[in-house]
Amino acid sequence: MAYGYYPGCSLHSTAKEYSMSLKAVCRKLNIELNEVEDWNCCGATPAHTTKEELGVALAYSNLVNASKQGLDNVLAPCAACYNRLKNASYAASHSPLLEKRMNELTGGKVEHDIKVFNILEFFRDIYGQDNLKTAIQKPLSGFNVACYYGCLLVRPSKVVNFDDPEDPQSMDELVNLLGAHAVEWSCKTECCGGSHAIPETDIVLELGRRIFSSAQSQGAQMIAVACPLCQANLDMRQEQINKKYKTDFKMPVVYITQLLGLALGIPSAELGLNSHFVSTQELAKI
């Protein structure tokens, strides 16, 4: 199977372990990823707050390039990139004037319908849970996982339209399919404040404290994510949170593709599990 692939800036830089684990999983499952040629930053997350037209144009430009390449679909594993690409597609398809303006700005045109999907949508609806189930070699038995969707994967629901915006289940279903246990908890769609990590650090630390407290209270041993910004923020900030609130959080924050890779029998070194701030040693023993 071959699919279009938009890595975005994060998977080529700060989230290399997301890229490593995704590509390792795809190799294992014989999935071919065709990277969008000459892609550019989608503008997430500040562009659209600076100028709405700019925010749409940066993401739309990538859809134009995908169209030139003849791609019918594009996998965007980064939740922020996925959100911006979906927003651009939705905005242009619902406004002929905006679509015309985007064509002028980008010097191209989206010639055919291109489906943009996120990593959870891909494994649930495109690759298929039944196919995935037959490929599992090492079930993640005994691990309790808090599935964290954050605020970008499921909102706005009229644009992304793939899961319940208040109580999403797609990652929970995937984690359970892998043999682990997805815990019920109250913060799965709460914002971690990742976009304000530098200017509003105190707010970000409080948001993180609430997320870890909720996960810990439900017996979670780790948090699974599908967003590089959430992963970096929650993984990196735990020491600061502990220092400020006298807590003792030491909870690994891992990409869902890393869990998937372990269940498929891929060695942890190929999944980037040794690159996190909080140790993932227990997981690496699988």
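From a predicted model like this one, the values you see are computed outputs, not experimental measurements. Numbers here are sequence positions counted from 1.
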Q: With side chain to side chain contact (heavy atoms under 4.5 Å, CB included) as the test, would you mind laying out the steps for Leu178 and Leu260 before giving the verdict?
A: CA-CA 7 Å; Leu178 300 180; Leu260 179 53; 3.6 Å; yes
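- Below 30°, between 30° and 60°, or above 60°: for Phe162 and Tyr82 the angle between ring planes is above 60°, a perpendicular geometry.
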Q | Verdict with supporting geometry, Glu17 and Ser21, side chain to side chain contact (heavy atoms under 4.5 Å, CB included) | A | CA-CA 6 Å; Glu17 60 274 25; Ser21 55; 5.7 Å; no
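- In the model, Glu99 has no side-chain atom that pairs as donor or acceptor with a side-chain atom of His94 under 3.5 Å.
- Using a cutoff of 4.0 Å between basic side-chain nitrogens and carboxylate oxygens, Lys188 and Asp172 are scored as salt-bridged.
- Asp113 pairs by the salt bridge (charged side-chain N to carboxylate O under 4.0 Å, His left out) definition with nothing, not counting sequence neighbours.
- Interatomic distance, OG of Ser275 versus CE of Met20, reported as 7.0 Å (0.5 Å rounding).
- Under the 4.5 Å side-chain criterion, counting only non-hydrogen atoms from C-beta, Ile211 is in contact with Ile223.
- Salt-bridge formation is not detected for the pair Lys243/Glu239: no Lys NZ or Arg NE/NH1/NH2 atom is positioned less than 4.0 Å from an Asp or Glu carboxylate oxygen.
- Aromatic ring orientation, Trp185 versus Tyr148: tilted (interplanar angle from 30° to 60°).
- Here the side chain of Tyr18 pairs a donor or acceptor atom with the backbone of Pro77 at under 3.5 angstrom.
- Residues Gln169 and Asp167 bring a donor and an acceptor atom of their side chains to less than 3.5 Å of each other.
- In this structure, Val154 and Thr189 approach most closely via the heavy-atom pair CG2-CG2, 4.2 Å.
- Between Val145 and Ala220, the closest heavy-atom pair is C-CB, 4.4 Å.
- Residues Asn40 and Asn62 are in side-chain contact: their nearest non-hydrogen atoms beyond the backbone lie under 4.5 Å apart.
- Contact of the Val25 side chain with the Phe123 side chain is registered, since non-hydrogen atoms from C-beta on lie closer than 4.5 Å.
- Minimum interatomic distance between Phe249 and Ser213 (heavy atoms only, all atoms of both residues): CZ-OG, 3.5 Å.
- Although no hydrogens or angles enter the test, the distance criterion places no donor-acceptor pair under 3.5 Å between the side chain of Gln240 and the main chain of Leu205.
- Judged by distance alone, with hydrogens and angles left aside, the side-chain atoms of Tyr6 form a donor-acceptor pair with the main-chain N or O of Cys42 at under 3.5 Å.
- In summary, Glu121 and Lys115 engage in a salt bridge, as defined by a charged side-chain N under 4.0 Å from a carboxylate O.
- Looking only at side-chain heavy atoms (C-beta outward), Thr280 and Asn274 stay at 4.5 Å or farther from each other.
- Side-chain contact between Gln238 and Phe277 is absent, with no heavy atoms from C-beta onward closer than 4.5 Å.
- Side-chain contact annotation: Gln221 with His181, donor-acceptor N/O pair under 3.5 Å absent.
- Side chains of Thr201 and Arg237: no donor on one and acceptor on the other come within 3.5 Å.
- Between the side chain of Asn73 and the main chain of Val116, no donor-acceptor pair closer than 3.5 Å is present.
- Contact between Cys147 and Val175 at its shortest, heavy atoms only, is SG-CG2, 3.6 Å.
- Between the side chains of Glu206 and Tyr245, a donor-acceptor pair is found at a separation under 3.5 Å.
- Results of the side-chain contact (heavy atoms from CB on, under 4.5 Å) test with Phe122 over Asn118, Leu120, Ile126 single out Ile126 as the only residue that passes.
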Q: Take Ile256 and Ile119, measure what side chain to side chain contact (heavy atoms under 4.5 Å, CB included) needs, and give me the verdict at the end.
A: CA-CA 9 Å; Ile256 187 64; Ile119 197 76; 4.0 Å; yes
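- Using a 4.5 Å heavy-atom cutoff, the side chains of Leu234 and Phe212 are in contact.
- Side chains of Asn65 and Leu71 form no contact here, defined as non-hydrogen atoms less than 4.5 Å apart.
- Judged by distance alone, with hydrogens and angles left aside, the side-chain atoms of Asn87 form no donor-acceptor pair with the main-chain N or O of Val56 at under 3.5 Å.
- In terms of heavy atoms, Leu29 sits closest to Ala135 at CD2-CB, 3.7 Å.
- A donor-acceptor pair under 3.5 Å links the side-chain atoms of Gln231 to the main chain of Val253, judged by distance alone.
- Using a cut-off of 4.0 Å between Lys/Arg side-chain N and Asp/Glu carboxylate O, Arg101 and Glu53 are scored as salt-bridged.
- A donor-acceptor pair shorter than 3.5 Å can be found between the side chains of Ser186 and Ser214.
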(Q) Could you go through Glu270 and Lys23, starting from their C-alpha distance and side-chain angles, then the distance that decides it, and tell me whether this counts as side chain to side chain contact (heavy atoms under 4.5 Å, CB included)? (A) CA-CA 9 Å; Glu270 296 180 27; Lys23 290 181 177 178; over 6 Å; no
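- For the pair Leu33/Leu22, a side-chain contact is recorded, criterion being any heavy-atom separation below 4.5 Å from C-beta on.
- Here the side chain of Glu35 pairs no donor or acceptor atom with the backbone of Tyr5 at under 3.5 angstrom.
- Annotation: the span from Asp163 atom CG to Glu166 atom CD amounts to 11.5 Å, rounded to 0.5 Å.
- One distance of note links OG of Ser61 with CG of Leu105; it measures 10.0 Å at 0.5 Å rounding.
- Counting all heavy atoms, side chain and backbone alike, Ala66 lies closest to Val74 at CB-CG2, 3.9 Å.
- In this structure, a donor-acceptor pair under 3.5 Å is present between the side chains of Tyr60 and Asn103.
- For Ser89 (side chain) and Lys86 (main-chain N/O), no donor-acceptor pair under 3.5 Å exists by modelled atom type.
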Q | From CA spacing to verdict: salt bridge (charged side-chain N to carboxylate O under 4.0 Å, His left out), Asp38, Lys68 | A | CA-CA 11 Å; Asp38 198 27; Lys68 289 178 181 175; over 6 Å; no
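- Interatomic distance, NZ of Lys133 versus CG of Leu177, reported as 6.0 Å (0.5 Å rounding).
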